[in-house]
Each structure stands twice: as structure tokens, then as C-alpha cells.
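By convention in this document, chain letters (A, B, ...) are assigned in the order of the sequence lines, proteins followed by strands, and residues within each chain are numbered from 1. Because the structure is a prediction, the values reported are computed rather than measured.
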Protein chains: 4
Amino acid sequence: MSPRIPSKNEEIRQESMKKIMEAAFSLIAKQGYESTSIAQIAKGAGVSKGLLYNYFTSKEDLLKQLIDNAAAQGENVMAELIADDPAVTLENIFKWLFKELRERPDYFRLLMELTFKIDKFQFAHDLALQKYTGYLKFLEDLLSQMNFPDPRGEASLLAALFDGIGIQWMVIKDDYPSEEIESFLINKYCKGKYK
Amino acid sequence: MSPRIPSKNEEIRQESMKKIMEAAFSLIAKQGYESTSIAQIAKGAGVSKGLLYNYFTSKEDLLKQLIDNAAAQGENVMAELIADDPAVTLENIFKWLFKELRERPDYFRLLMELTFKIDKFQFAHDLALQKYTGYLKFLEDLLSQMNFPDPRGEASLLAALFDGIGIQWMVIKDDYPSEEIESFLINKYCKGKYK
Amino acid sequence: MSPRIPSKNEEIRQESMKKIMEAAFSLIAKQGYESTSIAQIAKGAGVSKGLLYNYFTSKEDLLKQLIDNAAAQGENVMAELIADDPAVTLENIFKWLFKELRERPDYFRLLMELTFKIDKFQFAHDLALQKYTGYLKFLEDLLSQMNFPDPRGEASLLAALFDGIGIQWMVIKDDYPSEEIESFLINKYCKGKYK
Amino acid sequence: MSPRIPSKNEEIRQESMKKIMEAAFSLIAKQGYESTSIAQIAKGAGVSKGLLYNYFTSKEDLLKQLIDNAAAQGENVMAELIADDPAVTLENIFKWLFKELRERPDYFRLLMELTFKIDKFQFAHDLALQKYTGYLKFLEDLLSQMNFPDPRGEASLLAALFDGIGIQWMVIKDDYPSEEIESFLINKYCKGKYK
DNA sequence: GATGAATGAGTGTTCATTCAT
DNA sequence: TATGAATGAACACTCATTCAT
């Protein structure tokens, strides 16, 4: 009955899933999870509502996979930022952060959207906590190498700062003086100015 | 002539409004705006759905009044924090911030909830921007008095930091090392340590 | 306990009822029965919703009394239109009809509103049928005196004509050529022209 | 490739729309627009409330399509009534009018219902006015050919008469002497009797 | 694999009516 | 007599989900 070879089928699956997830991603990032309907996502992806349920068991499952996917994408980026000089590594991190905000504002928007669903979706909480712990440890090591007096406290501050900058970016948008803040951060933390 | 003394009536109104707003506040702070239904709020307040519309013209109006109310409550607090020594003022601000987070976590939760409705509710955007600008100016003046080299950049950082700490508090909750971070912040910015 | 003498009370009752009925009349005539709320009527009358239920047992009862009242008002008007010459009587009737439409369009509007509630409100059906029969008889007598060959048929036509003119007046409003039609009717039926 | 043949799908759609529109038509004609709920219509059509919104964007849209549909049905009937002799044409019109009232009383009921929503629904006003103007012109030409002294006045009268007869039919129903009035009209206007 | 017609529980909102004062 | 806070059933409408094809 099925004329397709399995791999061809799998290809089609991947294609459809990708279209759905891309549509879901941008719509949810823009409108929020509750305000985005399955019908909208299906339409945005150019598939039927029914097909969506072939790949995702529910709207919540779609969100979960969206997050997992986004998290995986950012997984290996840290490795690329590491330089021999920890100060350069930190500078790379700052630069990467602002680049992300400028180029993929939706990504941060979606992460925050999720953060607010924490009480609703346990998996979001777990993921966020795990990410936070990882980043904190990484920063602590880095700042320790740079001989900051309280690397753990300073790392906590930086972790909070990343989220806070993202939030303010979202709110203030075009008027946010991101270049100035980026320079200031690099000067302050990596160039040893203002110390 | 009047069948019920007006002042008594007003009292009843205030009572009901309070019940409704309290229920709405905690439910929306916990679940988010979209995920909280009018039916839930009415039930939580112990009144009928219909009564809610005696006091609020719509669900959005209820949200707006909730925010206005919360904003007004925090309005005059800044004045009380000002001391002769700007370093003490800043310390007061830090202490107040953490006290708020500890005692009224829902308040911050609701403000953030709103921040994410910015594209949906114009009034939220306006309020957020206005608050941000005000705080920024205040901090800049303060840091300027304390002879920070770049008071404006530092003020931007602090403003972002406040939001970021709030977010992380929300996510990490009981495991968030708030006392340590509070001490660290005070030491770093007010006691001149680590400079 | 009651310092008022009964007649004073009765006066107040009449006053309140009149205000309510006037407000109800104009609002229902304008918006229709279903689209007019008790709250609107009470507000328009300057009384509380509760008071309304002191005088009318329900919204339907208010409508009924409104109709009864309107019908009673038009009861004795016919007598004033009768002249010695039946042709003059008929002319008076035509003139009265157009005068009513011009001066009290709401009255006709309300009667029609009611006509459409016939299946909902039995009393409306009964009243309409009774009125129709009365008018028909009156016209038949008149046309018989004027020696019309088929006074009953002609009377039926005229009765229908009155309603039809009212309807078209409502729909076409200012563009309706009422003067021309009035003249035409009088010339045709009372002056013997076009025969 | 398609899981269901498009034409089959279209068939299903037409089927459902027809069921809904038929149920809506008779219910609204009987009870009026406001007094007929979506739930009633859905139940009457044997479908779910939700399905109704697959085909009609709102209750008002359903009403609009109902009217458009009814208007289209009566569109071409006029052409069939025209005969060589204008008197025969007029007779055909009279006969058609009464036939309509007898066989499709709901149709007139719905048109009148709509006429009363004129202030609420602009499309109803436009349609009614357009129909009225068309009919008036048609009748004027006809009566002019029949050498009536004031064809325009007489045409206005007839137009009003049609509405008026419909109204009285609605109210009086089975007791309305429609045969007699029909004969009388034909005799009077087409056979030249009573002139 | 793919469709979209169909469902029904749920949403925010309205409103006639009641009743304590 | 008079008020208006309070109720709850009903309303139009939405949407995640199912399933016959």
C-alpha cells in the first residue's frame, strides 16, 4: 500500500515538524502561549490541524518540544566562546548575549514566556533550574580565574543581569541603549576599568 | 429618604471590590492573566460572576485597576528610603528590594506578567516605560553623588539587575541565595568593597 | 410610621409610574423590546431598578401596560374625527393618520414592535385583533355611507394601507413623499377624483 | 493525496449550511432575531454550536446570509410575471403576492423582522430601500401603461398596500379574508370594476 | 500521511430579578 | 417608598481535540 520508502517518509515527517515548530515558535514568541491557537499555528505552517496532532500529542507537548529544541540549539554555543584568556571569554559571552538579543529577540521572548509558565509546566521549571545552575557554575569558574574577590556573588549578579537586560530590551525595545550598556559591561568586567 | 445610608453602601462596595481584587491578584499572579478565568476569580472572592461586572467593566479593566492599585501602593515608598548619605540611600533601596521580594513575591510576579502583555495592553507599556525612566533617573543621580565614574551606565545595570533578580527569585524560589546576594550587593555598591 | 397621607402616596406612585413608562416608551420604540434593558429604563426614568419592580411585576408586564396605555390614549380620538359628511370624516381620518406619523413616529414604531411579538405575548395578539376588527367595522360603515360598491373590501384595503404607509415611513423616513400621498389619498377617496 | 475528495467535502459543507440556514430561518421568522439563540438554531439544525461558526462568522452574519439568500430567491420572479397586457401583468403580481403569503408566510415575516432592525443593521436598510425603489418604478410604469391618472401616487399606494396586507396577514392569520381581498384587488385594478 | 468537519466544554459578558436595608 | 448590591441563568463565541475519510 505504501509506495514510499521509509527514509522518504521520515524526510516528510521532519519537514512537516520543522514547519510546524517554526510557525509555533514565532507565533508563541509574539503573542504568548495562551493567545496562540492551534488553528493559527497550523495555518502558519501551511498544514492541517489534524496533522499537527500526528506529531504532537497536545498543545502543551508542542510547547515542550519547542523548548527542548531551543535549549539544544544553544547547548554547544558556550564551547565556542571559550578563549585562553578568561577575560576574553567573558567578553565573548557579553558580545554573544547582545548579539542574540539583537538577532533573535523572539528566542529570549519565548524563554521568558516559558519562565512564567513554571507553575503550570513542571518541565519548564526543571529546565530553567538546570540551565541556571550550569551557567552560574561556568561564570563562577571564569570570574575565579580572573581573581574577582567574590566570584560566586559576582556570578549570581551577572546571571541576574543577563535576564534583566533581556527584560528591559523587550520593554523598551528600540530605545534601549544596548551598545552603550554592552561597552560599559565589557569595560567594567573585562578591561578592569572603573575598578 | 434613602433606603440605605450612602456611606454604608460605599463601605459594602469597597468590601466587595477588595475581595475581588485580592482574589484576582493572587490568582493572576500565580497562573497568569489568560489562564485565570472570571469564574475562578469570582469563586475565589466568594461572589457571583455577575457582581464582578458591577465594579469592573471587563477582565482587562480589572487587570488595569489591579496594576494601578499596585503601582500606587509603591508610589511613595521611594521618599522614605532617602537618607542624607547617598550610600545609605542606596543601601536602603537594596534592602527594600529584597524585602519586597520576600514579603510580596506576588507583586513582582504580577508586574512581570504585565510586562509580557505589553504588546496586548498599551497601558502596561506606558506604565512600565514611565516607571523605568523614573527609576533610572533616580539611580543615576544617586550614583553620581557617590562619584561613580559612569553613573548612567551603572544605573542602567542596576535597573536591569533588579528585574533579573526578581526573575530568578521567581524561578528558583526557596533555593535562591537572596541573603548572600543582598549582602554582596550592599558591600559592593555601598561599602566600597571589591572596588 | 408613615407620615404621608394616602393621597400624597398615590400621587407619588403616579409620578413614578409616569416617569418609568415614558422612559420605557421612548427607549423601546427606538431600540426594540429585547434590546432595551431594565437598567436603561430605570436610568432614563431617574429611578432605581428596584422601584420599577414595585409597579411592574416583570419586563413583560411593563410592556403590556405600555400598550394598554397607548391603546387607551387613542381610544376616543375617533369620536373627534366624525363629521356630518362621511367624506369629511374620512378626510379627517387620513389627516389624523399622517399627523400622527409626523408628530409621534415612536407611537407607530412601538405598535409595530408589538405586532411582531404577537406569538410571544398573547395579549398583543388579542389587542391587535380587537383593534383591527373595530377599525374595519368603522371604515366599512363610512364607505357604505359614501356609496362605495364594495365597502367591506375597500375597508380592508384601507386598513392595510394604514399599516403599510406606517411601515414605509419607518423605513424610508425623510425621503418618504408623505404630503403627496396624503393629497392623493384624499383626492381619490374623499374628493371623488380618479374614479 | 487528499484524504477526502474536495467535491465530497463541499457537498458536506453545503449540507450542513443548508440545515443551519433552514433552522435559523424558521426560528428567527417565528421568534424574532433577538429571541432566537445560537443554541436553539444549532439544536434545530441537529449540529453543535461550534459548527455553526465554521460557516458563519457571527449571528449577524448568519442573518445577513439568510436575507441575501431569500432576496436572491425572489430576484427573478418578476420577469415571469410580465405579460403582453399590463393589466394581466398586474393581475399576475397580485396573484403572486397572495401565493407567497399563503405558501411562504415565514419569508414575509423575516423580511419584516429585518425591516425593524434597520437602525441596527445597515445592510437591511440598504436592501429594503433598494427593493422598494425597484418595485415602485416597476409599478409606476405598469400603471402608466394602464392609463391611471396618477401612476406615481397609485404606485406608492400599492407598494404600501403590499406591506400592509402582509402585516395584517401576520396578525390575523387564518381569519384574514385573503381570497376576498385578492379578488377585490384584481377586480378593482385589473378588471376596471368600481371605477 | 493528511484533511478539515465536527464536537462540547469553556470563555467573558449581560441582564431580569430579588432582597436586605 | 426606595435603593442598588447581589445573583445566576443565559448569551454569543472560541478552541483544543477527535475521527471518518
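Between M17(B) atom CE and dA5(F) atom P the separation is 11 Å, expressed in whole Å. Protein atom CG of L63(D) is 12 Å distant from nucleotide atom P of dA12(F), rounded to whole Å. Straight-line distance from the CG atom of L52(A) to the C1' atom of dC19(F): 16 Å, rounded to whole Å. Computed from coordinates, the Q40(B) CD to dT13(E) P distance equals 15 Å when rounded to whole Å. Atom P of nucleotide dG1(E) and atom CD of E10(A) are separated by 10 Å, given to the nearest angstrom. Look at CD1 on I38(C): it is 9 Å from C1' on dT17(E), rounded to the nearest Å. Atom NZ in K19(A) sits about 14 Å away from atom P in dG1(E), given to the nearest Å. The CG atom of D61(B) sits 14 Å away from the P atom of dG12(E) (whole-angstrom rounding).
Between the Y33(D) side chain and the E113(D) main chain, no donor and acceptor come within less than 3.5 Å of each other.
For F123(B), the ring pair (Phe, Tyr, Trp, His ring centres under 6.0 Å) partners at least two apart in sequence or on another chain are F121(B). Not counting sequence neighbours, the partners of K120(B) by the side chain to side chain contact (heavy atoms under 4.5 Å, CB included) test are S35(A), E34(B), K117(B). Here E15(D) pairs with nothing under the side chain to side chain donor-acceptor pair (under 3.5 Å) rule; sequence neighbours left out. Annotation: side chain to side chain donor-acceptor pair (under 3.5 Å) contacts of N69(C) (sequence neighbours excluded): none.
Nearest approach of G44(B) to A23(B), heavy atoms of both residues: C-CB, 3.7 Å. Closest non-hydrogen pair, T57(D) versus D61(D), comes out as N-OD2, 3.1 Å.
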Output a table of nitrogen or oxygen pairs between the protein and nucleotides 8-10 of chain F separated by less than 3.5 Å.
residue, atom, partner, partner atom, Å
dA10(F), N6, K49(B), NZ, 3.3

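In this structure the side chain of Y55(A) never reaches within 4.5 angstrom of the side chain of M21(A), judged on heavy atoms. Q14(C) has its side chain out of reach of E11(C): every pair of non-hydrogen atoms, C-beta onward, lies at least 4.5 Å apart.
Closest to the V47(D) side chain, of the nucleotides dT7(E), dA2(E), dA16(F), is dT7(E). The R13(C) side chain lies nearest to dT1(F) when the options are dA16(F), dT1(F), dG1(E). If you check dG4(F), dA16(E), dT1(F) against the side chain of I12(C), the one that comes closest is dT1(F). The listed nucleotides are dC13(F), dA16(E), dA16(F); the one nearest the side chain of Y53(D) is dC13(F).
Map S58(B) and N54(A) each onto its nearest nucleotide of DNA chain E; the residue landing nearer the 5' end is N54(A). For the pair E34(A) and E60(D), both in contact range of DNA chain F, the more 5′-proximal nearest nucleotide belongs to E60(D).
Among the atoms of the strands shown, none is found under 4.0 Å from any heavy atom of F56(D). Among the protein residues, T36(D) comes within range of the sugar-phosphate backbone only, with heavy atoms under 4.0 Å from sugar or phosphate atoms but none that close to a base. At a threshold of 4.0 angstrom between heavy atoms, the contacts of T57(C) with the nucleic acid are absent.
Here E60(C) does not pair with K64(C) in a salt bridge; the nearest charged N to carboxylate O distance is not below 4.0 Å.
Proximity of S16(B) to the phosphate of dA6(F): a side-chain N or O atom is located under 4.0 Å from OP1 or OP2. OP1 or OP2 of dG4(E) has not a single side-chain nitrogen or oxygen of N9(D) nearer than 4.0 Å. Between dA6(E) and Y55(D), a contact under 4.0 Å exists linking OP1 or OP2 to a side-chain N or O.
The strand DNA chain E forms stems, runs of 3 or more Watson-Crick or G-U wobble pairs with distances below 3.5 Å, at E:2-21 with F:2-21.
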